[in-house]
Amino acid sequence: WYIRTTGGGVVAWGLPWGGPELTPVSGDYDGDGVSDLAVYNQQTGTWYIRSVSGTLIGWGLSWGGTGFMSLSR
């Protein structure tokens, strides 16, 4: 993951989080105003989320399922 602020500051640089079959989904999942690292498995409907500092927010959370996610690009 490589995350920068709109002002050019570095939030995260080269943090590994994800894997095969996982779709990255950026967002602030813990409400602290900083983007977190989240990946979603569209085949199983499970999420894996951690903060930039390394705090685990969610592991294997079931929310969704096959075909539930549509990312606009």
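Side-chain atoms are counted along with the backbone in the values below, which use heavy atoms only and exclude waters and symmetry mates.
By the side chain to side chain contact (heavy atoms under 4.5 Å, CB included) test, W63 is found to be paired with W47, residues two or more places apart in sequence or in another chain being considered. S35 pairs by the side chain to side chain contact (heavy atoms under 4.5 Å, CB included) definition with I3, not counting sequence neighbours. Contacts of T6 classified as side chain to side chain contact (heavy atoms under 4.5 Å, CB included), with partners at least two apart in sequence or in another chain: none.
With rounding to the nearest 0.5 angstrom, the OG1 atom of T23 is 9.0 Å from the CD atom of Q43. To the nearest 0.5 Å, atom CG of residue L37 and atom OH of residue Y29 are 10.5 Å apart.
Across all their heavy atoms, D28 and D30 have their closest contact at OD1-OD1, 3.0 Å. The two residues V25 and W1 make their nearest non-hydrogen contact at N-CH2, 4.1 Å. Between I49 and A38 the shortest heavy-atom distance is CG1-CB, 3.8 Å.
Hydrophobic clustering, with ILVMFWY side chains joined whenever heavy atoms are under 4.5 angstrom apart, keeps L15 apart from Y40.
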Identify every side-chain donor-acceptor pair in residues 53-60 under 3.5 Å, counting partners at least two apart or on other chains, and give the distances.
unit_1 : atom_1 : unit_2 : atom_2 : d
S53    : OG     : S51    : OG     : 2.9

Checking side chain to side chain contact (heavy atoms under 4.5 Å, CB included) for the pair W17/D36: CA distance, chi angles, key distance, verdict?
-> CA-CA 11 Å; W17 187 254; D36 299 307; over 6 Å; no
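Side chain of N41 to backbone of T46: no donor-acceptor contact under 3.5 angstrom is found.
By the 4.5 Å side-chain criterion applied to Ile, Leu, Val, Met, Phe, Trp and Tyr, V10 is assigned to a cluster that also includes Y2, W13.
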